[in-house]
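Residue numbers run from 1 in the order of the sequence given. Just follow the structure's listing: the first ligand is 1, and inside any ligand the first atom is 1. Values reported hereafter were calculated over all heavy atoms of this structure, with side chains retained and with hydrogens, waters and symmetry mates removed.
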Amino acid sequence: LSVAPPPISQGLSRAFREVMGTLPAAVEENLASRGVREPTAIQKCAGGLLRAGRSALLSAETGSGKSLAFLLPTLARLEEPDECVVILAPTRELALQLATEATPLLRGFFAGSREDGGTSGVELLVVGSATTSGALKRARCIVATPKEALETFSGRPGLLEKLSKATALVLDEVDALLPPKKKDYRSAGSKERAKQSGKKKMKKPSPPSPAARFVALMLKSNPSPALQVIGASATASRATRDAVKQALRDDPYGRFTVLQGNDDPLELVRPGTSDETAPRSVVVPRVVDHRVATIEKGATHDHAMRVVADVVRTVKPKSALVFLTKGTGYAVAPCCDALGDNLEEDVAALHDLLFSRQHSDAEEEEDNRVATLERGRQQLADNVKRATAPVLVTFEDSARGLHFDAVDLVVVVGLPATPASYLHLAGRTGRRLGDDITPGTVVTVCPPKAVPVLRSWSKQLGDLTFHDLVVVVSSPGDD
Ligand SMILES: Nc1ncnc2c1ncn2[C@@H]1O[C@H](COP(=O)(O)OP(=O)(O)OP(=O)(O)O)[C@@H](O)[C@H]1O
């Protein structure tokens with residue numbers, strides 16, 4: 001099976017231009033090659049606001065184009081050669097994807113200008129990436145995971161100077177970077193009794209996360225009144241906004257304080273409703289079909305992968321992503337081997353596909369590093385588009401924000417940690433391809449006891465229905 005390329009757009013619609021402004025021809029061409037024509041709902045809601053330099057949190061369903069919604073306005077606002085946009089992402093997989101997405105756009109914005117000089121201007125700061133201080137100082141877009149960003153910039157005045165020139169700080173998958181505080185669900189009575197008996201556990205406050213510390217470092221280093229802060233996530237909520245505001249509270253320049261009578265400095269932008277108090281709608285497109293299949297409790301990874309192989313043969317996907325949840329204790333490599341033994345299709349660890357080439361050239365020259373990034377991504381795209389159905393295996397933690405055109409089956413092995421985790425896993429399918437949203441199936445493979453728990457999340461997940469998957473058991477080679 002081969003995957004149809006996204007339909008070639010006939011050029012951007014008037015609505016898109018109204019939302020995103022006039023874009024250079026090279027940017028338009030790049031968008032056209034991706035089938036972009038009309039703005040998505042979140043792009044419509046957020047485009048004008050972000051172009052005007054406002055800070056905001058973007059909340060819209062998975063696969064709905066949040067990345068372009070923040071990339072286009074922020075890159076378009078870069079003017080001076082030393083200005084830059086800093087993007088934080090919780091995983092290096094997502095950081096790599098964002099850097100890859102930003103590269104041609106940035107080139108498009110600066111094509112022909114003297115500073116282009118053959119480099120993309122996008123620098124990636126993740127474990128294993130090779131970057132230099134010189135490249136970071138010249139970068140127009142720095143994409144990083146929080147720990148690596150913190151380690152690179154802390155205590156280095158030469159580089160902190162670069163942060164002072166940032167026009168925007170983007171926190172992609174913001175609720176993973178700055179998780180909302182857990183609520184204390186104990187009743188008032190039980191809290192009072194615990195207080196009186198003196199038994200209330202004095203919980204040590206946890207130290208600030210690397211993301212929170214990087215945000216603080218950035219605010220301290222950047223005195224610009226125009227610094228824009230943008231967060232994005234399918235599961236961004238008012239609680240997320242409170243968590244972000246908490247991180248912005250100590251801004252030494254007081255830029256994110258709500259002044260009476262003024263607009264909120266961090267608007268929560270959700271398409272479909274102007275009422276922030278309205279209940280959350282489903283955040284995975286309705287075209288996604290949710291199913292369950294069972295394995296024995298405590299099943300070995302061999303047994304679990306035999307069931308996953310049956311699921312793949314039953315659904316017959318173009319491409320599948322298999323997520324191993326933490327609770328299973330399964331490791332990726334043995335699961336890849338076991339699945340490979342049970343399937344004819346190629347099975348690979350997502351991590352190997354994304355990063356194998358990256359590691360090999362730690363000393364590469366600057367130009368080559370950009371090429372390496374693109375090659376890695378191209379390799380991935382080629383693998384996913386091959387004639388056989390590739391099956392990629394990874395941990396649940398690496399799911400957030402990843403986009404692969406061809407994935408029409410997601411297999412979740414074990415029960416995800418929370419309903420929100422389920423949504424981010426499920427949301428790897430049913431994603432936008434040109435003007436359409438491709439349908440997909442999500443199958444959770446878990447012990448029978450976990451099924452009622454999954455079904456009990458149905459309401460929270462926007463009234464999703466989990467049907468049983470009738471698995472066709474067959475052996476490799478059967479037709
Ligand atoms: N206006 C558009 N028209 C057509 N395709 C688009 C448009 N905007 C974005 N896309 C494409 O939609 C796909 C999904 O976009 P993106 O990865 O930004 O989703 P997302 O909202 O960030 O999802 P998630 O919440 O899962 O991270 C990408 O392939 C992107 O190129």
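Taking every non-hydrogen atom of Arg34 and a distance limit under 4.0 Å, the qualifying atoms of ligand 1 come out as 31 (O). Listed by number with element, the atoms of ligand 1 under 4.0 Å from a non-hydrogen atom of Arg431 are 14 (C), 16 (P), 17 (O), 19 (O), 20 (P), 23 (O), 24 (P), 26 (O). The distance from ligand 1 to the heavy atoms of Arg428 drops below 4.0 Å at these ligand atoms: 26 (O). Taking every heavy atom of Glu38 and a limit of under 4.0 angstrom, the matching atoms of ligand 1 come to 1 (N), 2 (C), 3 (N). Atom numbering of ligand 1 starts at 1 in the shown order; those under 4.0 Å from a heavy atom of Glu173 are 27 (O). Short contacts between ligand 1 and Ser64, defined as distances under 4.0 Å to a heavy atom of the residue, involve ligand atoms 19 (O), 20 (P), 21 (O). Within ligand 1, the atoms closer than 4.0 Å to a non-hydrogen atom of Leu68 are 8 (N), 9 (C), numbered from 1 in the order shown. Listed by atom number, the atoms of ligand 1 under 4.0 Å from Ser67 heavy atoms are 16 (P), 17 (O), 18 (O), 22 (O).
The aromatic rings of Tyr422 and Phe466 sit perpendicular to each other, their planes meeting at more than 60°, with 30° as the lower class boundary.
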*Could you go through the side-chain contact (heavy atoms from CB on, under 4.5 Å) check for Leu68 and Thr40 one step at a time?*
CA-CA 10 Å; Leu68 267 187; Thr40 64; over 6 Å; no

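Ion pairing between a basic and an acidic side chain is recognised when a charged N comes within 4.0 Å of a carboxylate O; Glu28 and Arg17 show such pairing. By the 4.0 Å N-to-carboxylate-O rule, Asp463 lies close enough to Lys459 to be salt-bridged with it. Salt bridge annotation for Lys326-Asp397: present, with a cationic side-chain nitrogen under 4.0 angstrom from a carboxylate oxygen.
If you check which protein heavy atom lies closest to atom 25 (O) of ligand 1, you get Lys66 NZ, 2.7 Å. Ranking protein heavy atoms by distance to atom 4 (C) of ligand 1, first place goes to Gly434 O, 3.1 Å. Atom 13 (C) of ligand 1 has as its closest protein heavy atom His403 CE1, 3.4 Å. Of all protein heavy atoms, the one closest to atom 23 (O) of ligand 1 is Gly63 N, 2.8 Å. Here the protein heavy atom with the shortest distance to atom 8 (N) of ligand 1 is Gln43 NE2, 2.8 Å.
In this structure, Leu94 and Thr91 approach most closely via the heavy-atom pair N-OG1, 3.1 Å. Residue Glu101 comes nearest to Leu71 through the heavy atom pair CG-CD1, 3.9 Å, listed as atom of the first residue, atom of the second, then distance. Across all non-hydrogen atoms, the minimal contact from Pro447 to Thr294 is C-CG2, 4.5 Å.
Between Asp175 and Ser237 the shortest side-chain heavy-atom distance does not fall below 4.5 Å.
Among the atoms of Pro39, none of the N or O lies under 3.5 angstrom from an N or O of ligand 1.
Of the heavy atoms in His424, none comes closer than 4.0 Å to ligand 1. Under 4.0 angstrom from ligand 1, there are no non-hydrogen atoms of Arg400. Residue contacts with ligand 1, taken as heavy atom pairs separated by less than 4.0 Å, involve Arg432 via backbone and side-chain atoms alike.
A side chain to side chain donor-acceptor pair (under 3.5 Å) with Gln228 is found for one member of Arg255, Arg77, Arg54 and no other, namely Arg77.
Side-chain contact check for Ser13 and Glu38: at least one donor-acceptor pair (N or O, by modelled atom type) lies under 3.5 Å.
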